[in-house]
Amino acid sequence: MRLYRSVLVSKMKKHIIVLVAVVCVCLLFVSVYLYKVSNKKSVQNNGEAYSDYLSQRVEDDFTSIEGIESANAIVTYDESQDQYSIELSLITDEDINEEQAELYKSVLRKTYVEVKLTINGVLR
């Protein structure tokens, strides 16, 4: 009877050890998955924050130019191509000629792959 009980206890210990190992492995996989998900969200949030920063920077730069009353910039990031695009709308108190508009666009193209410039409601 003692031998039987001893064998039974030994088998139970093995089952418990296996069960604990399986639970630990499952917890490891879950924690790795959660880490990847949170890291991806963090990268997305960083990308959005940087886009917001770039938008604000462009708006500040253009409103500091004499004759430009307001600027509204929307910067977007394309993860698949790792490139930024911008839509910039300017309100001016004077007419901007084509040469100035092209200068603004060429400056923006140094940073952004796609540039849409609207001046006083007219797409240039």
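For the single chain, residues carry numbers from 1 onward in sequence order. Below, all heavy atoms of this structure are taken into account, side chains as well, without hydrogens, waters or symmetry copies.
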Any side-chain heavy-atom pair of Tyr104 and Ile68 under 4.5 Å: yes
Residues forming a salt bridge (charged side-chain N to carboxylate O under 4.0 Å, His left out) with Asp61, sequence neighbours excluded: Arg57
Close side-chain approach of Thr76 and Tyr84, heavy atoms under 4.5 Å: no
Spacing of CG belonging to Leu108 relative to CG belonging to Leu103, to within rounding of 0.5 Å: 9.5 Å
Short side-chain to backbone donor-acceptor contact, Thr118 and Leu123, under 3.5 Å: no
Joint hydrophobic cluster, Leu88 plus Tyr53, side-chain heavy atoms closer than 4.5 Å: yes
Point-to-point distance, once rounded to the nearest 0.5 Å, from CD of Gln56 to OG of Ser51: 13.0 Å
Validation row, ring centre Tyr50 to ring centre Tyr77 under 6.0 Å: no
Considering all heavy atoms, the nearest Ile96-Ala101 contact: CG2-N, 3.8 Å
Side-chain heavy atoms of Val122 within contact of Ile119, under 4.5 Å: no
Heavy-atom side-chain proximity of Leu54 to Tyr112 below 4.5 angstrom: yes
Beyond-backbone contact of Val58 with Ile86, side-chain heavy atoms, under 4.5 angstrom: yes
OG-NZ distance between Ser89 and Lys116, expressed to the nearest 0.5 angstrom: 12.5 Å
Leu117 vs Leu90 side-chain heavy atoms within contact, under 4.5 Å: yes
Residue pair Asn72, Glu59: steps toward the side-chain contact (heavy atoms from CB on, under 4.5 Å) verdict: CA-CA 6 Å; Asn72 183 26; Glu59 289 172 4; 3.4 Å; yes
Pairs meeting criterion salt bridge (charged side-chain N to carboxylate O under 4.0 Å, His left out) with involvement of residues 89-101, two or more places apart: Glu98-Arg124
